[in-house]
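Taking it in order: structure first as structure tokens, then the write-up.
Chain identifiers are assigned alphabetically (A, B, ...) following the order of the sequence lines, protein sequences preceding nucleic acid strands; residue numbering begins at 1 within each chain.
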Number of protein chains: 2
Amino acid sequence: MTSGKLTIKDIAKQSGYSISTVSRAINNHPDINSQTRRDIMELIDETGFIPNDSARFLKRTASNSIAIMVKGITNPFFSGMIHYIENYIQELSYTTILRHVASEEDEVLVAMSLVKERKLKGIVFLGGAFIHDMEQLDKLGVPYVFSTIGNLDGRVESAEKVANVAVDDVDAAMQAVDYLISLGHKKIGIISEGLQLASVGQLRWKGYLKSLQKAGIAMDPKLTYEANEGIEHYTVQNGYKGARTLLDNNPEMSALFCISDVLAMGACRALIDAGKKIPEDIAVVGFDGIDMGDYFIPRLTTIKQPQEKLAKATMSLLFDMINKKSGPQNLLYPAQLIIKESTELSKNK
Amino acid sequence: MTSGKLTIKDIAKQSGYSISTVSRAINNHPDINSQTRRDIMELIDETGFIPNDSARFLKRTASNSIAIMVKGITNPFFSGMIHYIENYIQELSYTTILRHVASEEDEVLVAMSLVKERKLKGIVFLGGAFIHDMEQLDKLGVPYVFSTIGNLDGRVESAEKVANVAVDDVDAAMQAVDYLISLGHKKIGIISEGLQLASVGQLRWKGYLKSLQKAGIAMDPKLTYEANEGIEHYTVQNGYKGARTLLDNNPEMSALFCISDVLAMGACRALIDAGKKIPEDIAVVGFDGIDMGDYFIPRLTTIKQPQEKLAKATMSLLFDMINKKSGPQNLLYPAQLIIKESTELSKNK
DNA sequence: CTGAAAGCGCTAACAG
DNA sequence: CTGTTAGCGCTTTCAG
């Protein structure tokens, strides 16, 4: 009934026990009389006392916490990943700390702070920068895994030193474009992002290129749209703008590969607005395999990332590193082409 | 270059200054020689020292932090709200703490813990339970505002004691259904959630009822679908299932009101799959006015919640309460019907 | 099984 | 402008 200024001292005084006994009760310590514990817990419930976490963590030397650092919590693809990752953390009776990293924050710095403050056991990075300062990373002091932010090769001085789990983006994009080519398309546009920097966008664009080359189709720069504005590239708005621009510059474009499903949905809207029929006039392929894509009209053909497998691999690797059973590894998984209505009329109607 | 175990003491020792001077440098205190500060900061940069937040917050007696407690971070409607709210917090040079509340957590308890730990100035609750224990709430000890989780009337013992900002859900739903009726519809289905508990679902369902009554249309229980499974009610999956069920039980249904845009999208997919044309065979109205709705095919007619206005009102009220310029208030804003393709063929094509 | 006492790392008076 | 000192609220030895 008293207000929120209670400390463990007050509970000690009111209960007649010492501070340490109260602490034992709170923390479920074994060496305490069960009646004593019950009495104390009852008083705590009555008074509404809540221990101050700052004090607890300041004193503690270790915890069982894993932090998930998410940059771009809006991205529906991450929602799924978080869900699976949280499950695995819980299964191993660790605690999850989900930390949303604002776009202007540096996820590694935030992680460092959390390591100190919460005595983390490990870290998962979801989204965020593709290139990191190895020196910075070394300072983290606990195992960490980059998850689903692309292959590390060529974007880290020593990829084998950094743990990474992702889909093989180049290969996955190739699958998508190979498929479009197999349907007879030659004028294939792409909506990507940040090509000038190392990013999944760049990797998927590389796949697009390789696929064209393999088929002997010359790459036409006019068929590439790069979403650059704003920090949130993966928006329907950008997809819309991209498709409209590509269409304006390439009236003969017959297929479009978007590096995310959200972009693809925006793109579809633009194509329809321009009077095009999907897939008769233009075929569209997305990337990620988010739930919404399968409810979109038309249902989206996409490259599905195996979320559950990726989440599981991320956590196994992290826990192996925590338990010194493994060093950092760069694990790549295949993605799967899912053919739906946005590329073939007959499919799934 | 040293690992992450540095404390302020190490920096003091290495720099030759005392702990308090280092603290002054870190915290941008005015009474410190600027050269001293520069020297210390340089050393801090070099060594990669990061102060332990637990210790800082433990010691501090106040902060300028506002916490946003979000239950259901997946909900795209909240993303927008968070964005606006963060802006206002920053404008007033307060700090935002965005806390994701897991579905099994109690947001008020989490908030209490945060109040103690971070010495919060105020709290915004986004999503989460519709009914709260007043005693619990009283213990928070700092001003708080419930935002966009519905009108408080009848679901709190004393609504005038609790700060609340929302759209007038009953009225808003009436607008939607009035409009459908004005189009000539009589068999109007509704996809809602949690009717048995106080919730926005219940409020919007009430609006649906009132609108039918006003028009002299008898309510048919078969036309109500209640999404209950799972904790996340606002999913495309639930929308799909709802529409399919309603359609099976009401072949003559000609309009459908969904209490969120996400539900509406799922519903549209089910209707199309059942061979229906939107809006020719069935008109669909959503609720919220999220970005995606305007990119959906067909563009969604919806009840748009004025996010920016709601966010601004939430923050003004909170800051007024913090500055003792106001007591808690229950503020309701009107929502706006936006007519698009999912109800009228000619609109916005 | 319980209590006393020593800090965790930092900030904030209080002196100089 | 700088250093000394006293805790913030809690956990955890170490005794009893």
Side-chain angles (χ1 to χ4, degrees), chain A residues 2-41 44 47-64 112-120 141, chain B residues 2-41 43-44 47-65 112-120 141:
Chain A
T2 0
S3 89
K5 301 238 132 255
L6 291 171
T7 76
I8 197 172
K9 227 169 159 176
D10 300 304
I11 303 299
K13 217 167 285 174
Q14 285 188 46
S15 70
Y17 288 98
S18 72
I19 292 179
S20 23
T21 300
V22 175
S23 172
R24 286 185 188 100
I26 294 170
N27 295 291
N28 252 305
H29 234 74
D31 43 351
I32 178 175
N33 182 298
S34 55
Q35 185 55 47
T36 308
R37 183 200 335 276
R38 241 170 290 143
D39 291 346
I40 292 177
M41 290 316 279
I44 287 177
T47 52
F49 163 71
I50 294 192
N52 181 319
D53 271 344
S54 287
R56 306 179 90 172
F57 287 113
L58 179 56
K59 185 65 196 178
R60 281 215 250 271
T61 54
S63 84
N64 266 306
M112 277 173 79
S113 177
L114 226 43
V115 168
K116 282 208 165 182
E117 197 192 329
R118 292 276 128 120
K119 274 66 179 196
L120 298 182
Chain B
T2 359
S3 90
K5 301 238 136 255
L6 291 171
T7 76
I8 197 173
K9 229 169 158 177
D10 299 306
I11 303 299
K13 214 166 285 172
Q14 286 189 46
S15 70
Y17 288 98
S18 74
I19 292 180
S20 30
T21 301
V22 176
S23 173
R24 285 184 188 102
I26 294 169
N27 295 292
N28 252 305
H29 234 71
D31 43 352
I32 177 175
N33 181 298
S34 55
Q35 185 54 48
T36 308
R37 181 194 343 270
R38 240 171 289 142
D39 289 348
I40 293 177
M41 290 316 279
L43 181 62
I44 287 178
T47 53
F49 163 72
I50 293 192
N52 182 319
D53 271 343
S54 287
R56 309 178 87 172
F57 287 112
L58 179 55
K59 183 64 196 181
R60 281 214 252 271
T61 55
S63 84
N64 266 305
S65 314
M112 278 172 78
S113 178
L114 227 42
V115 168
K116 283 209 164 181
E117 197 191 328
R118 292 276 128 121
K119 273 80 179 187
L120 299 182

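Atoms CD1 (A/Ile44) and C1' (D/dC10) sit 13 Å apart, rounded to a whole Å. Computed from coordinates, the A/Ile11 CD1 to D/dG9 C1' distance equals 13 Å when rounded to whole Å. One interatomic measurement links the two molecules: CD of B/Glu117 to P of D/dC10, which rounds to 11 Å at whole-angstrom precision. Look at CZ on A/Phe57: it is 17 Å from C1' on D/dC8, rounded to the nearest Å.
Counting only distance, with no hydrogens or angles, the side chain of B/Lys116 and the backbone of A/Ile50 share a donor-acceptor pair below 3.5 Å.
The footprint of chain A on DNA chain C, defined by a heavy-atom cutoff below 4.0 Å, extends from C/dC1 to C/dG9.
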Run the numbers on A/Ser23 and A/Ser20 for side chain to side chain donor-acceptor pair (under 3.5 Å), then give the verdict.
CA-CA 5 Å; A/Ser23 172; A/Ser20 23; over 6 Å; no
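Side-chain atoms of A/Asn33 and A/Arg38 form no donor-acceptor pair, as typed in the model, at a separation below 3.5 Å. In this model, a donor atom of one side chain and an acceptor atom of the other lie less than 3.5 Å apart for B/Asp39 and B/Gln35.
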Below 3.5 Å between N/O atoms, which protein atoms pair up with nucleotides 11-13 of chain D? Just atom names and distances, please.
{"from": "D/dT11", "atom 1": "OP1", "to": "A/Asn27", "atom 2": "OD1", "distance (Å)": "3.2"}
{"from": "D/dT11", "atom 1": "OP1", "to": "A/Asn27", "atom 2": "ND2", "distance (Å)": "3.1"}
{"from": "D/dT11", "atom 1": "OP1", "to": "A/Arg56", "atom 2": "NE", "distance (Å)": "2.8"}
{"from": "D/dT11", "atom 1": "OP1", "to": "A/Arg56", "atom 2": "NH2", "distance (Å)": "3.3"}
{"from": "D/dT11", "atom 1": "OP2", "to": "A/Ser23", "atom 2": "OG", "distance (Å)": "2.9"}
{"from": "D/dT11", "atom 1": "OP2", "to": "A/Asn27", "atom 2": "ND2", "distance (Å)": "3.3"}

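The pair B/Arg118-A/Glu117 meets the salt-bridge criterion, with a side-chain N (NZ, NE, NH1 or NH2) lying under 4.0 Å from an Asp/Glu carboxylate O.
Using a 4.5 Å heavy-atom threshold, the side chains of B/Asn28 and B/Arg37 count as touching.
No contact: A/Ser54 has no heavy atom under 4.0 Å from any strand. Here A/Tyr17 lies in heavy-atom contact (under 4.0 Å) with sugar-phosphate atoms only. Contact annotation for A/Asp31: base contact, defined as any heavy-atom pair under 4.0 Å involving a base atom.
Shown here are the side-chain hydrogen bond (donor to acceptor under 3.5 Å, both in side chains) partners of A/Ser15, two or more places apart in sequence or in another chain: there are none.
Considering every non-hydrogen atom in both A/Ala12 and A/Ser18, the closest pair reads CB-C, 3.8 Å.
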